[in-house]
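What follows is a set of notes on a single structure, which appears directly below.
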Amino acid sequence: MQKTAPEMEFKALSVETLPARLGSVDAVASLVGGPAENSPGSWKVREVGDGNLNLVFIVEGAKGAAVVKQALPYVRLVGDSWPLPLKRSFFEYHALIRQEKRDPGSVPAVHYFDEEQALIVMEFLSPHVILRRALIDGRELPNIARDLGLFTARTLFRGSDFSMEHRERKADLALFADNTELCDITENLVFTDPYFEAPMNRHTPGLDGLVGELRADRDLKVAAQTMKHIFASRAETLVHGDLHSGSVMVTDSETRIIDPEFAFYGPIAFDVGMLLANFWMSYFSQRGHEADGSRTSMRDYLLGVVEETWNVFRAEFANLWRTERTGMLHHRCLYEDRGDALGSEQALNHVVHGVWTDMLGFAGVEIHRRILGLAHNADFETIEDEALRARCETPALKFGRHIAVNRNHIQSMDELARLARLLDEGEVS
């Protein structure tokens with residue numbers, strides 16, 4: 001529910017101040033345990049946020065627990081020298097509500113939203129862990145490919161002009177169009193900064209030669225800017241906007257998606273490309289995590305996850321195309337209502353092929369920005385031996401370059417798996 005308390009000037013929460021600030025909020029007290037049975041001062045509060053932007057706390061009381069997430073008026077990774085509007089919590093709240101409607105049970109339940117204080121109180125997921133941490137630890141989770149394939153297909157199809165009523169979608173487009181500052185972060189940090197000597201870039205020692213080659217690569221820079229153009233101009237659906245393995249929480253049986261504050265109307269392929277890029281990066285990082293034994297099985301598993309995620313996405317997208325295509329695009333009156341089911345399938349194939357091609361471009365660029373830009377992945381960063389880390393990042397960078405530049409000529413997941421194996425094993429350079 002949204003805030004009903006009187007407005008107050010924004011003030012960042014802390015472990016010490018959170019109980020007093022939220023103890024009188026009925027939605028929170030009923031969830032965690034109110035003053036009658038457990039005074040706010042006795043709540044157990046711990047800060048757990050280790051992200052780039054926000055404060056995140058776990059609050060535990062007599063009845064249960066909750067997560068409190070609050071935006072800060074700057075980029076936490078950098079500090080107050082990089083201001084950022086608090087309204088990003090507004091977009092996260094609205095994205096979570098829509099994602100829950102479009103794929104029920106896929107995101108944490110929202111219990112309270114305070115727009116002025118830029119905070120959301122939501123379901124505490126336990127015993128869930130961050131997917132990226134699980135992959136670094138070598139856990140082969142059985143359901144993530146199916147769950148994430150379904151989530152991307154359902155949220156992306158149902159948020160598009162293939163499904164939504166056109167007035168509702170245009171109103172939604174206008175609402176999320178104001179998320180300009182976070183889009184600006186993506187447009188610069190993902191698509192531009194990695195390809196020149198931007199001040200906040202950093203990379204592992206030992207990569208200098210390859211980094212120089214990539215930044216001098218005309219075809220690569222044109223490909224990255226083409227993907228930036230698609231990102232900025234193709235408002236096809238409501239995308240999560242930051243869907244990576246750090247935005248997913250898992251158990252062996254359940255997958256939940258978090259942190260959609262970058263949500264905006266963009267290309268269908270964007271979320272899929274970002275997600276698969278993170279699985280490919282996890283694949284290339286595995287040789288850096290073999291201190292306790294071989295990760296051959298884990299590498300095979302990750303390539304299987306990439307293939308299954310795409311296959312589930314494609315199959316569910318096709319299912320929704322055939323059963324829920326009620327929007328203004330490719331209206332059934334042009335195909336099925338005229339007895340032309342083949343025409344509908346032809347249109348579907350055209351759309352999915354475009355998603356496939358763009359997905360590869362977005363994935364290639366995401367790999368580069370996570371190794372060459374400001375915000376890096378723990379998959380590589382937790383490899384303490386810098387020489388070993390560079391040996392893992394080198395084939396990943398080459399893989400990213402190949403799929404971004406040659407996206408129009410890559411035909412299958414088998415082809416991509418074969419290339420990944422050859423690069424990882426040093427068989428090609």
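The chain is numbered in sequence order, starting from 1. Basis for what follows: all heavy atoms, side chains included, without hydrogens, waters or symmetry-related copies.
Using a distance-only test at 3.5 Å, with no hydrogens or angles considered, a donor-acceptor pair links the side chain of H289 to the main chain of D379. E123 places a side-chain N or O within 3.5 Å of a backbone atom of A109 that can act as its donor or acceptor partner. Between the side chain of R102 and the backbone N or O of R154 there is no donor-acceptor pair closer than 3.5 Å.
Side-chain contact check for D114 versus Y112: some heavy-atom pair is nearer than 4.5 Å. Put simply, the side chain of L243 does not reach to within 4.5 Å of the side chain of F270, judged on heavy atoms. Between E236 and S160, every side-chain heavy-atom pair lies at or beyond the 4.5 Å cut-off. The side-chain heavy atoms of V67 and V121, taken from C-beta on, include no pair separated by under 4.5 Å. Looking only at side-chain heavy atoms (C-beta outward), V45 and L13 stay at 4.5 Å or farther from each other.
Taking the side chain to side chain donor-acceptor pair (under 3.5 Å) definition, one finds that R322 meets it with E345, sequence neighbours left out.
A perpendicular orientation is assigned to the rings of Y195 and H368, their planes being inclined by more than 60° (bins at 30° and 60°). Using bins of under 30°, 30° to 60° and over 60° for the plane-to-plane angle, the ring pair F91/F176 lands in the tilted bin.
Scanning all heavy atoms of the two residues, the minimum distance from H229 to S233 falls at O-OG, 2.5 Å. A12 and T17 get closest at one heavy-atom pair: O-OG1, 4.3 Å. Heavy-atom minimum distance, Y301 versus R139: CE2-O, 4.0 Å. The two residues D271 and G241 have their closest heavy-atom pair at OD1-N, 3.1 Å.
Atom CD of Q346 sits in a sparse spot, with 12 or fewer heavy atoms from other residues, nucleotides or ligands closer than 6.0 Å. In N349, the CG atom is crowded: over 12 heavy atoms of neighbouring residues, nucleotides or ligands sit closer than 6.0 Å. At most 12 heavy atoms of other shown residues, nucleotides or ligands fall within 6.0 angstrom of atom CZ in R167.
R98 and E100 are not joined by a salt bridge, as no carboxylate oxygen comes within less than 4.0 angstrom of a charged side-chain nitrogen. Salt-bridge check for E336 with R332: passed, with a basic side-chain N closer than 4.0 Å to an acidic carboxylate O. Taking 4.0 Å as the cut-off between side-chain N and carboxylate O, E381 and R202 count as a salt-bridged pair.
With hydrogens and angles left out, the side-chain atoms of S89 and K69 include no donor and acceptor closer than 3.5 Å.
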**Request:** Starting from the C-alpha separation in whole Å, work towards a yes-or-no answer on salt bridge (Lys or Arg N to Asp or Glu O under 4.0 Å) for D193 and R369.
**Result:** CA-CA 8 Å; D193 286 7; R369 77 98 169 195; over 6 Å; no

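Here the straight-line distance linking atom CD of E366 with atom CZ of F191 works out to 9.0 Å at 0.5 Å rounding.
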